[in-house]
Amino acid sequence: MTLANLRTHYTADIVPEKVKDGATVTLAGWVHEVRDLGGICFVVLRDREGRAQVTLVKKKIDRELFKAARKLVRESVISVTGSVKFEEKAPNGYELIPEKIKVLNLAASPLPMDTTGKVEAELDTRLDSRFIDLRRAEALAVFKIRHQVLQAIRKFLVEKGFLETATPKIVATATEGGTALFPITYFDREAFLNQSPQLFKQILMSGGFDRVFEIGPIFRAEEHDTRRHLNEATSIDIEVSFADHFDVMEILENLVAYTYTQVLENCKSSLEILGVELKVPQTPFKKLSYEEVLEIVNSRSDEKMQWGDDLSSQAEHLIGQYVFETTGESHYFIIDWPTEIKPFYAMPYEDKPKYSKSFDMMHRTMELSSGAQRIHLPELLKSRIESQGMDPEGFDFYLKTFEYGMPPHAGWGMGCERFVMTMLGAENIRDTVLFPRDRRRLSP
RNA sequence: GUCCGGAUGGUGUAGAGGCCUAUCAUGGAGCCCUGUCGAGGCUCCGACCCGGGUUCGAAUCCCGGUCCGGGCGCCA
């Protein structure tokens with residue numbers, strides 16, 4: 001005995017090309033709405049792919065079935081067997097004339113929030129009742145697009161010869177220092193949740209994997225409190241051997257453009273639901289050097305930046321605006337950052353070691369990715385760790401791999417949520433995560 | 001961490017010391033209605049974050065707390 005008889009089709013499968021008029025089908029889903037007009041009653045059934053109208057005419061249908069239908073409780077789970085009637089008056093061009101309506105699980109009422117879009121709920125309310133919130137067409141659309149983004153990224157990278165990898169999330173030491181880590185208990189030892197796969201993907205270069213990518217969670221214990229930060233995020237990381245920063249920038253910009261194209265092609269209805277008109281970014285992206293950025297900020301704002309300062313939010317917006325005005329594009333790179341404000345593994349230029357072969361990929365509104373050619377020379381790496389005030393001893397497991405044949409390599413990491421957020425123009429990054437973890441929220 | 005703002009039925013809101021046994025919408029219960037698609041009509045139900053204070057009188061003013069939102073810092 002299976003439950004297969006509870007559903008033969010999704011609502012979106014009922015089209016004249018696939019289903020004959022009058023055919024018997026079974027749909028399963030949630031009671032989206034019941035519109036009772038007296039002599040006729042419409043039940044709107046919703047599933048993952050859309051909605052279907054179940055139509056009951058009082059005079060033409062079993063009395064008990066009619067009575068039961070008009071009493072259906074919204075958001076209950078039902079399975080409806082009936083005959084398909086293609087009908088212009090019905091939404092989607094068809095309606096279902098039911099023979100049997102099975103209530104599989106009754107929903108309590110009132111609901112914690114509205115699912116029809118009549119009354120908008122606040123983000124906090126929505127996240128508290130995420131299971132209901134996800135039933136909204138807009139929420140589902142975001143995650144269908146997120147799915148497409150990840151699929152496109154995998155497809156793009158696999159076609160370029162990348163191996164998908166998975167590195168540990170439980171680690172013994174910090175990746176880069178600086179960022180706060182979540183400590184955990186690992187049997188009788190202290191361990192941490194990893195803030196980045198950085199060190200491990202580099203080890204894979206020494207392992208001869210040449211081109212790897214990983215899409216996985218990263219954890220940051222920073223107490224930031226903004227619309228664009230999460231304490232658990234999804235990082236999209238690549239690392240490439242025998243490549244420099246320009247090589248991996250090219251991969252990145254092409255990846256971004258390809259992903260936009262794929263979403264545009266495969267997520268039409270989701271984009272429509274969200275009211276998003278996607279424009280595929282033009283490649284290559286504009287490249288501004290850190291020096292140029294300093295000049296632009298200092299000439300266009302009261303804020304005075306010193307060489308060696310990181311970009312403030314205000315400066316980021318200013319540059320984003322500048323690029324948008326001059327190129328009409330939202331994406332750009334900032335390259336050649338001072339070595340001292342980038343992580344220790346960023347490769348300094350041989351002829352001007354104060355500058356590093358590093359870059360950030362920016363969206364008009366925020367930073368999306370950062371990357372660099374990495375240091376592959378063990379002595380240089382050790383001295384860089386020391387000059388950032390860290391003890392190389394803690395990095396033994398990492399440094400060892402540089403002693404026995406580490407190729408030159410480069411890579412980047414991009415925040416998946418920020419990528420989706422900027423793509424869709426979402427106001428809050430939490431909207432792009434199923435169950436966001438932020439400073440205050442630990443459940444659901 | 002810091003600065004600013006907020007908290008009223010299940011949800012979203014109106015409210016500026018007495019017109020408040022609190023507005024409107026949505027929702028829930030019930031009734032009417034044969035083509036709805038944010039259906040419509042009628043009746044009913046349901047709320048002032050917590051603790052102190054000011055005042056004859058507090059949803060409204062003050063103090064403390066809790067929670068939420070936004071900016072900045074930091075970062076992806």
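Labels below follow one simple rule: chain letters A, B, ... track the order of the sequence lines, proteins then strands, and each chain is numbered from 1.
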Legend entry - Residues that A:F333 engages under ring pair (Phe, Tyr, Trp, His ring centres under 6.0 Å), provided they are two or more places apart: A:F285, A:F359
Let me check something: any side-chain donor-acceptor pairs from residues 421-437 of chain A under 3.5 Å, sequence neighbours excluded? List them with distances.
unit_1	atom_1	unit_2	atom_2	d
A:T422	OG1	A:R418	O	2.9
A:T422	OG1	A:F419	O	3.0
A:N428	OD1	A:R430	N	3.0
A:N428	OD1	A:R430	NH1	3.1
A:R430	NE	A:D438	OD2	2.6
A:R430	NH2	A:D438	OD2	3.4
A:D431	OD1	A:R126	NH1	3.3
A:D431	OD1	A:R126	NH2	2.9
A:T432	OG1	A:I429	O	2.7
A:R437	NH1	A:P444	O	3.2
A:R437	NH2	A:L442	O	3.1

Legend entry - Contact list for RNA chain B against residues 48-69 of chain A - heavy-atom distance below 4.0 Å: A:Q53, A:V57, A:K59
Inset, instruction - Take A:R441 and A:V44, find for each the nucleotide of RNA chain B with the closest heavy atom, and name the residue whose nucleotide sits nearer the 5' end. - result: A:V44
Inset, instruction - Using heavy atoms and a sub-4.0 Å distance, could you list which residues of residues 363-374 of chain A are near RNA chain B? By number, please. - result: A:E367, A:L368, A:S369, A:S370
Inset, instruction - Using heavy atoms and a sub-4.0 Å distance, could you list which residues of residues 146-157 of chain A are near RNA chain B? By number, please. - result: none
Inset, instruction - For A:W412, check ring pair (Phe, Tyr, Trp, His ring centres under 6.0 Å) against everything at least two apart and list the hits. - result: none
Below 3.5 Å, can you tabulate the donor-acceptor pairs from side chains in residues 94-108 of chain A to any protein atom, sequence neighbours excluded?
unit_1	atom_1	unit_2	atom_2	d
A:Y94	OH	A:T11	O	2.6
A:E95	OE1	A:Q53	NE2	3.3
A:E95	OE1	A:T55	OG1	2.7

Legend entry - RNA chain B contacts among residues 225-234 of chain A, heavy-atom distance under 4.0 Å: A:D225, A:T226, A:R227, A:R228, A:H229, A:L230, A:A233
Legend entry - For A:E33, all residues meeting salt bridge (charged side-chain N to carboxylate O under 4.0 Å, His left out), sequence neighbours excluded: A:R35, A:K118
Legend entry - Donor-acceptor pair present, A:E95 side chain and B:G35 base, under 3.5 Å: yes
Legend entry - Residues in ring pair (Phe, Tyr, Trp, His ring centres under 6.0 Å) contact with A:F66, at least two apart in sequence or another chain: none
Legend entry - Pairwise P distance, B:U60 and B:U43 [rounded to whole Å]: 32 Å
Inset, instruction - If B:U23 has a Watson-Crick or G-U wobble mate with both distances under 3.5 Å, name it; if not, just say none. - result: none
Legend entry - Any residue of residues 408-439 of chain A with a heavy atom less than 4.0 Å from an atom of RNA chain B: A:R418, A:N428
Legend entry - Check: A:F344 ring centre within less than 6.0 Å of A:F395 ring centre: yes
Legend entry - ring pair (Phe, Tyr, Trp, His ring centres under 6.0 Å) assessment of A:F156 paired with A:Y258: CA-CA 8 Å; A:F156 179 91; A:Y258 177 76; 5.5 Å; yes
Could you list the protein-to-nucleotides 27-31 of chain B atom pairs, N/O on both sides, closer than 3.5 Å?
unit_1	atom_1	unit_2	atom_2	d
B:G27	OP1	A:K118	NZ	2.9
B:G27	O3'	A:R74	NH1	3.3

Inset, instruction - Would you tell me if any nitrogen or oxygen in the side chain of A:T116 comes within less than 4.0 Å of OP1 or OP2 on B:U26? - result: no
Legend entry - A:T365 side, atom OG1; A:E316 side, atom CD - distance, nearest 0.5 Å: 9.0 Å
